Amino acid sequence: MIKMIVKRLGLLIFVVFGVTLVTFFMSHVIPGDPASMIAGQRASEETLQSIRQQLGLDKPVWIQYFHYIGDLLTGDLGTSIRTQRPVLDELITFFPATLELAIAAFAIAIVLGIPLGVLAALKKNTFWDNLSRVFSISGVSIPVFFSGLIVILIFYGNLGWFPSNGRISLDINPPTHITGFYILDSIFTGDMVALKSSLEHIFLPALVLSYAQLAVITRQVRASMLEVMSQEYIRTAVANGIKGRLLIISYALKNALIPTVTVIGVAFGSLLGGAVVTETIFGWPGMGKFVVDSISYLDFPAMMGFTIIISIGYVLINLIVDIIYGLLNPQMKQ
Amino acid sequence: MQINLHSKSLKNNPIWYKLKQNKMTWVGLVILGLIVLLSLAAPLISPFDPNKIDLVNKFQPPSSEHWFGTDEVGRDIFTRILFGARLSLGVGILIILIAAVIGIVIGTISGYIGGIVDTVIMRFVDMILAFPNLILAMALAAVLGPNLQNAMIAIAIVKIPVYIRLARGEAMVLKEKLFVKSAESFGLNKAVIIVKHIIPNAISPVIIQATLDVGDTILLIATLGFLGLGAQPPTPEWGAMISVGWTYLLTYWWYPVFPGLFLFLASGALNLIGDGIRDVLDPKSAR
Amino acid sequence: MIKKFSYVLLIIVTAILLTACKENANAPVSSESTPSESTSNETETTTASNPDQLVIAIPADVTSLDPAITMDNTTWKIIYNAYERLVDYDGATTNIKPGVAERWEVSEDGKTWTFFLEEGHVFSDGTPVDAQAVKASFDRTLKIANGPAGVYSMVSEIRVDDPMTVTFVLSENFPPFLSTLAANYGNIVSPTVMEHEVNGDLGQAYLAENTLGSGPYKLTEWKKGDSLKLEVNEHAKVKPTLQSILFRIVGDPSVQRMQLEKGEIDIAEGIPVDQIDSIKGLENVELIQEPSLLVDYIYINTSKGNPALQDERIRQALNYAIDYESLVSAVQLGYATQMRGPIPDGIWGHDETVHQYNYDVEKAKALLAEAGAENLTLDLLYSDNKTWWETEALAIQSNLADIGVTVNLNKVAYATSREMMDKGEFDLALGVWSPDFGDPFAFMNYWFDSANHGLAGNRAFYTNREVDQLLKEAATNNDQSARQEIYKQIQDIVMEEAPYILLYQKDYILPMSKDVKGFIYNPMLEGIYFLNEMSK
């Protein structure tokens, strides 16, 4: 186990290094000059030169990369070209919002996905199985940007039940910054007004985002439930007179959930990706919007910072998933 | 899709009979078949040119003449959806074909040869897999420049590692098999062994994965199109149509809704088919 | 182990279920029971129903707020009211009125400008505005040497004559100098900004996120990606009615429209022109429509593109091939006027007698035939920077197809298009232009002077020595009527040689709640609000 963790952390260093290398050189191949984006509609060559010089863009690419890595080793991610703020500050501002959204969506996907999967397994090849299948597969098949807009139209436009934009109502002060997650922070500080408002704001985007991931969980739960139920001990339990749905579920589900853990890493990665698009539609002030803007501005320090954070986060989540899986399933350790 | 299912490795297989029992898979097949038929017959069904601009007739609501209405420059949306079907499905399948072929070649080489080659390749695979799909595709498409061809390249790059891993796993198992060992003892060239013995035997899990991936790929292209990084107008690609049309949702609802509906149907049908196939095969490949 | 885990999982799932149920339960309940609904609605709507607060929806977040750096129109509208300038535009006109300077003098050669400051202007941190502060602010802009410094490249020295008198010495005569001072880059920053200096950045990091001026408002809150809030600057000389201004970032036009309809926002800035008609039906909303100085045109690459474009007859043919009337109605729904000459209506120098190309397919074909051009294929470069360019490019493609010219659309990312324009890697390209100051210089000298090839303004890469000479004369003459005469002469030449296809001058359209009063539109400061004049 420890060997595995060390190996993964070693991989992480390799990944981060590789990612910086690839992103850096790729972002410098893009035809386009960040200086021309800053300088305004008409920019003289002198102005462009002066801006390039200030940004260090006049030096050869490999020297720029060398400087970047040097700064990175001291924990400095550089300054965003577009916003003129340190990239690290930007990420600290935007990352919690994205993570909060992704976690909320994930929670909804689990809450809906596990019962649906169990139902489908218990009622295999019946109407209910098919319904669960169609429902969850519809989720993967609707582009997030489309379902998002339709949900806003109904729940904000027509019914007026939920707000359309942002993380919290503009009149309400966000809770004191502890974790950066508004829901957690408002629970910690006992700020019920902020809690209510944040829950209202997160509900629609999280719902839309979760729907896209529902199938991954539902299908996995169904498959492993079927597998577990076909195994000897469940059959024995049934034969020994332990009957009733509840018992079957509690016996089987317990074991069926173990392999489900493995898809969590994959699903979470897709959630982060989907969050980029969801944020654009719901005006959610997270990383997604920030990155799309950065790409169009050729703001490569911001792009680099984002890719580094995402790749670290992704590797870590998969590591945690593997550790949990290893703990649950001692046979896995070879 | 159907062609794959009929291929000889699957035809006389009990799996094929199992698949027949799965109703939803058939629903998927029927929907997909209809869309394919419609798109092939597009010039017969519709009198309109998908790219002909007719500014006088822009934003016409659905009518007996324009079944799905017209768009911002007066093109018939129904016609564009039908022609778009060729493109979206064709491009989706093409991307997966490219990714699968490249993946098989690299994966089998990596798995069969092993050693330093394998290590280097796998580290690269790990690196690519360290990113969420969509984000990597976005970044690549942005770097390469926003057009359909580059979006295809970007998605193919994102998809390749999955196939490398699959093919590599198979190759590592096959490498120890008797027929490969005996081929080696005859002094056959490594390249010949890979082409003649490894690839043909490693191919079926790859084909299964490929059928699962097409629906996802179509959605990825559309999402890139939505973000302005995919197919560029006037190409009648569904994602690009939705991307332009969705800002008109409140005013001219038909513009984004119909391409959206078809995207949903096609991708849903493909996912149902893929799900059915996985269902049938899952016990075999389960841990 | 497994047991333990399943307990943990069970607890997590139950917790999530409970919160989810709570959320779910909230929704229908709040719609049924009136008291809880009204409270939830109040929290949502007070933002705009508050008569002391103006809520403006903007489509994207802003960049650095430093007046010495930003050249971004959206950023200007946030900070313009937090600063004051030596002079200002007078209401809706391009005339100049006193600002911080109560009067000014200019030497006969136009190179020395002296400003006499008014007493009583104070920065938001309590520092008084004096000649030293003005000098420090402009010196800082020049030292930072970003976009705004480019506007003041002819300033050679700034002198403090006495505490309330400051003199600008220019290296050459530059008649539009005064109007540059009224624009956003003329914002005067408090010298105390240097107290916030980090690593010799002249306070750039601080001003990127804060304001430090003597305007009626100051920035009090910026929730990144979400909203910005301006509140009254208690030190300011001008006392406004509106107590706070909220700029809310709403990216989706459909959402903006719904919010406007529900009264959650007062002004919606992100609604594209082809959806404007649907706004007209909303009874709480009025539509501001004013002529703007934003022009939309096509660059014809006269030297680095397809060699056929070096032939004047072919460029004229392209000009005759455009169906201007249909284009304006298709792309801008009629909210625009075809251009006549490069100088738009509203800037002196605009001339109704200048030649205007009309839609004449036969003439276009004849010119092509005369030039011997067959099977001409051209690339049309554009980007996603303007929402309407998509439709425009398609319309142009179809127009040119009618005269036998094939157009390949080349849509690229905005940043890429800027680079390609600078290097001249295109045949035709879509572009927009708006003036930085109210003088024909802002169009003529940038578009046609061969010294400005590329991004600097002459994006047709057009070179005509005679035009260069005339432009220079016009730029250094202080007599307006003489300059007008020279500009007329240049316009006649360039309309004949046709390095551009001049399309249209756009209208400024803004959906605004009927409650908002006192909105003034100044074409020179498009998109900027005179907040101290406004109320609800």
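Each chain gets a letter, A, B and so on, in the order its sequence line appears, and its residues count up from 1. Values below: every heavy atom of this structure, side chains too, minus hydrogens, waters and symmetry copies. Being a predicted model, the structure only gives us computed values, none of them experimental.
C:D277 does not touch chain B: none of its heavy atoms, backbone or side chain, sits under 4.5 Å away. In this structure, the portion of C:S329 lying under 4.5 Å from any heavy atom of chain B is its backbone and not its side chain.
Counting heavy atoms of neighbouring residues, nucleotides and ligands inside a 6.0 Å radius, atom NZ of C:K514 exceeds 12 of them. The neighbour count for C:Q289 CD, taken as heavy atoms of other residues, nucleotides or ligands under 6.0 Å away, is above 12. Within 6.0 Å of the CD atom in C:Q356, the count of heavy atoms belonging to other residues, nucleotides or ligands exceeds 12. With a 6.0 Å radius and a threshold of 12 heavy atoms from other residues, nucleotides or ligands, B:F59 has its CZ atom above the threshold.
Put simply, of C:S326, C:A401, C:A330, the one with the most heavy-atom pairs under 4.5 Å next to chain B is C:A330.
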Trace of the side-chain contact (heavy atoms from CB on, under 4.5 Å) decision for B:R75 with C:L394: CA-CA 11 Å; B:R75 296 169 299 199; C:L394 289 169; 3.8 Å; yes
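Here the straight-line distance linking atom OG of C:S398 with atom CG of B:D54 works out to 9.5 Å at 0.5 Å rounding.
Taking B:D76 as the reference, B:H66, B:T79 meet the side-chain hydrogen bond (donor to acceptor under 3.5 Å, both in side chains) condition, with sequence neighbours excluded.
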